[in-house]
Amino acid sequence: QVQLVESGGGLVQPGGSLRLSCAASGSDFSINAMGWYRQAPGKQRELVATNRGVTTNYAASVKGRFTISSDNAKNTVYLQMNSLKPEDTAVYYCKAEVASNGYVYVYWGQGTQVTVSS
């Protein structure tokens with residue numbers, strides 16, 4: 001079993017920045033990929049950014065403003081969000097694909113609220 005703990009959400013003005021963190025903990029696992037998704041009210045959950053090894057992938061709407069990075073030693077993924085817009089308001093979820101005992105599992109964090117408003 002792997003637990004994902006997210007932090008860093010909050011209220012920020014348009015044009016501001018926030019940094020989200022997601023730490024994975026547990027035993028006997030290795031991380032294949034980690035990423036961030038978001039869900040705004042009334043909308044489906046959507047991909048924001050993912051990190052698989054040296055490969056990163058961004059949604060077109062955040063490219064150039066958001067940066068995903070990882071600290072493999074800490075099993076932690078970060079999302080640096082700059083030039084935030086009101087349309088970035090959503091609950092942000094961390095997702096991890098992990099390998100354990102020959103199987104692959106997918107875990108989600110509990111979500112952290114990001115609100116961009118003046």
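As the structure is a computational prediction, the values presented were derived from the model and not from experiment.
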Go through the steps for Tyr92 and Arg38 under the test side chain to side chain donor-acceptor pair (under 3.5 Å), then give the verdict. CA-CA 4 Å; Tyr92 283 69; Arg38 67 187 181 186; 2.9 Å; yes
Sequence neighbours left out, cut at 3.5 Å: what donor-acceptor pairs do the side chains of residues 5-15 make with other protein atoms?
from	atom 1	to	atom 2	distance (Å)
Glu6	OE1	Gly111	N	2.5
Glu6	OE1	Thr112	N	3.4
Glu6	OE2	Cys94	N	2.5

What are the two closest non-hydrogen atoms of Met34 and Ala24, and how far apart are they? CE-CB, 4.4 Å
No-hydrogen, no-angle side-chain donor-acceptor test under 3.5 Å, Thr76 and Asp71: no
Do Thr56 and Asn51 have side-chain atoms, one donor and one acceptor, less than 3.5 Å apart? no
I'd like to know whether CD of Gln44 has more than 12 heavy-atom contacts from other residues, nucleotides or ligands below 6.0 angstrom. no
Determine whether Val106 and Tyr103 fall in the same hydrophobic cluster, where Ile, Leu, Val, Met, Phe, Trp and Tyr are linked whenever their side-chain heavy atoms lie under 4.5 Å apart. no
Which atom names give the shortest non-hydrogen contact between Ser83 and Ser17, and what distance separates them? N-OG, 4.4 Å
Test side chain to side chain contact (heavy atoms under 4.5 Å, CB included) applied to Trp36 and Val77, step by step: CA-CA 9 Å; Trp36 293 94; Val77 66; 3.8 Å; yes
Applying side chain to side chain contact (heavy atoms under 4.5 Å, CB included) between Tyr58 and each of Ile68, Val48, Thr50, Leu47, report the one that passes. Ile68
Taking Gln80's backbone N and O only, do any of them form a donor-acceptor pair with Arg19's side chain (distance below 3.5 Å, no angle check)? no
Checking the side chain of Ser117 only, and the main-chain atoms of Thr115 only, is there a donor and an acceptor separated by less than 3.5 Å? no
Any side-chain heavy atom of Arg52 within less than 4.5 Å of one from Glu97? yes
So, for Leu4 and Gln110, which heavy atoms are closest and what is the spacing to 0.1 Å? O-OE1, 3.5 Å
Please check if the distance between the ring centroids of Trp108 and Tyr37 is under 6.0 Å. yes
